[in-house]
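A, B, ... follow the sequence lines: proteins, then strands. Residue 1 opens every chain. Remember, predicted model here, so these are calculated numbers, not experimental data.
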Number of protein chains: 2
Amino acid sequence: MSHIAGARQAQKQRTRQALLDAGLRLLEHQSLSSLGLREITREVGVAPAGFYRHFRDMSDLGVALVSESFGSLHAMVRAIRGEQAKSDEVIDGTVAVIARYVREHRAHFRFIARERHGGMQQVREAIAAELDKFAEELASDLSAQPESEGWSQEDIRMLAGLYVNQMVLIATSFLEASPDDPESEERIARTARRQLRLIHLGRLHWLDG
Amino acid sequence: MSHIAGARQAQKQRTRQALLDAGLRLLEHQSLSSLGLREITREVGVAPAGFYRHFRDMSDLGVALVSESFGSLHAMVRAIRGEQAKSDEVIDGTVAVIARYVREHRAHFRFIARERHGGMQQVREAIAAELDKFAEELASDLSAQPESEGWSQEDIRMLAGLYVNQMVLIATSFLEASPDDPESEERIARTARRQLRLIHLGRLHWLDG
DNA sequence: TCATCCAGTAAACAGTCGTTCGCCCAACCG
DNA sequence: CGGTTGGGCGAACGACTGTTTACTGGATGA
């Protein structure tokens, strides 16, 4: 196996992680395509040439950050799935979980929001692929619910996409709220709950006509 | 008046516009924060120092591009308002208008999508302000419709925000479709129409419970 | 007509950048 | 133990960056 770290590979992974952490930290106020290789190595305290021992270039590091970020996000999804109840409670719980995870993984979410439509193609594609996988998982969850009886696969996929986009949107709204203003956060949560409820109502009446 | 161009000011505005156009062209494959001042002046055929006769710095040019872009967008909104009919026709028309405007103003929409959460604060704020103004106008439109009877101002504003976000999302989806693939474009339009219809259904049943 | 203005210029400034090249030396394996 | 591996280093490379300076010359207005 390759992951049973000898003291050798362990140190390598430690500096690799340090590079990722420094990158994420520096990305708080700029975007990936304007972030310099030297900027990162300087922050870590490593010679510029050392960077190449871990990443081919900056977009390579960007793709690695995408994986890391979606680790957090999948943990969030599992937390949402965990709380099973009916409609209103699920919605309230969902918004609360999003708020909590954004608070605890601010840098990761900001990175995803910023680079989702950002300047580096490889990173954009990596994010799109992860979001797509996410929507697919959600779709299979949704199709198991009684509300989805009589729905076509395509419509379920459409609804899953709507939910995923909405959740990303809610998360980025929380990001834009001032970090230490619980009032603005509550205002955003209030709007987010209503929007999710409206979508839920639409779902319940999809097959009416 | 300042806008009755003498041959003097006319030429100034022409190179200013040339700088904006070159900027927008170069932003097709990168983001604003990685775009260099010299890159733009080189493209236009102007000395680097000349840039400062028109913009304080790159974020200043970015804000100007935001205004220019939302000129296109407001034209689009007027086109949507123009076509009045009921529910399904409105939705089909809306999606068609978005598709057309994205096709005709690709660079502007890509710029907005990319910089909405991008690296430069001033530009982000300018975009947020424009989108907010947009949502406010839409809210006042919505409140004049019979479907909004009995709705609180806050809920109407919530719905308007949902629509605006959805329209931006639809536009960026079109952007990501290959430019000359009418089939993928139709697939996206199909999904977009259903998502808007589901939201519309939710709207109709908002006051049920 | 003549003095004034000002968009655009050329040159130089002090930096920064990504990338390549040997080299070193501690961890590793037989 | 001795030979090999490979992460990290320091230095140098050419190219590029944003910004300031003093200037030119055509449009401008009295």
Side-chain angles (χ1 to χ4, degrees), chain A residues 1-23 25-27 29-65 115 118-123, chain B residues 1-23 25-27 29-65 115 118-123:
Chain A
M1 296 294 166
S2 63
H3 61 284
I4 47 159
R8 187 58 187 230
Q9 311 214 13
Q11 174 59 22
K12 174 164 186 180
Q13 281 230 349
R14 278 172 76 245
T15 61
R16 184 192 139 102
Q17 190 59 46
L19 289 169
L20 288 170
D21 292 350
R25 204 176 318 128
L26 292 167
L27 284 173
H29 299 294
Q30 58 186 315
S31 59
L32 188 60
S33 47
S34 73
L35 178 58
L37 174 155
R38 293 180 108 104
E39 218 171 328
I40 294 188
T41 57
R42 199 183 307 130
E43 176 92 354
V44 176
V46 167
F51 181 90
Y52 296 101
R53 302 280 184 203
H54 304 275
F55 305 101
R56 206 171 300 113
D57 52 26
M58 288 295 294
S59 73
D60 196 17
L61 178 138
V63 171
L65 278 178
E115 301 303 329
M120 316 200 47
Q121 197 192 12
Q122 314 212 44
V123 176
Chain B
M1 297 293 167
S2 64
H3 60 284
I4 46 160
R8 187 60 187 217
Q9 314 214 13
Q11 174 59 21
K12 175 166 185 178
Q13 282 232 348
R14 278 172 77 244
T15 62
R16 183 191 138 101
Q17 191 58 46
L19 289 170
L20 288 170
D21 292 350
R25 204 175 319 127
L26 292 168
L27 283 173
H29 298 295
Q30 59 187 314
S31 59
L32 188 61
S33 48
S34 73
L35 178 59
L37 174 156
R38 292 180 109 104
E39 218 172 329
I40 294 188
T41 57
R42 200 183 308 130
E43 175 92 354
V44 176
V46 166
F51 181 89
Y52 297 101
R53 300 280 181 205
H54 304 275
F55 305 102
R56 205 171 300 112
D57 53 25
M58 288 295 294
S59 72
D60 196 17
L61 178 137
V63 172
L65 278 177
E115 302 303 329
M120 317 201 46
Q121 197 192 10
Q122 314 212 44
V123 176

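- The phosphate of D/dG8 has OP1 or OP2 within less than 4.0 Å of a side-chain N or O from A/T15.
- Distance B/R16 CZ to C/dC6 C1': 17 Å, rounded to the nearest Å.
- Contacts between residues 52-64 of chain B and DNA chain C, defined by a heavy-atom separation below 4.0 Å, involve B/R53, B/H54, listed by number.
- Checked by atom type and distance alone, the side chain of A/E115 never pairs as donor or acceptor with a backbone atom of A/G62 at under 3.5 Å.
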Under 3.5 Å, which protein N or O atoms sit close to an N or O of nucleotides 13-16 of chain D? Give each pair with its distance.
none

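- B/E39 places no side-chain N or O within donor-acceptor distance of the main-chain N or O of B/L26, the cut-off being under 3.5 Å.
- To the nearest angstrom, P of C/dC6 lies 9 Å from NZ of B/K12.
- Residue B/L37 contributes atom CG, which lies 13 Å from atom P of C/dT9 at whole-angstrom precision.
- Heavy-atom nearest nucleotides on DNA chain C were determined for A/A49 and for A/E39, and the one closer to the 5' end corresponds to A/E39.
- Per the geometry, CD belonging to B/Q11 stands 10 Å off C1' belonging to C/dG8, to the nearest Å.
- Side chains of B/Q11 and B/R14: a donor on one and an acceptor on the other come within 3.5 Å.
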5'-to-3' dot-bracket of DNA chain D (Watson-Crick, G-U; under 3.5 angstrom; crossing pairs as [ ]; | other strand): ||||||||||||.||||.||||||||||||
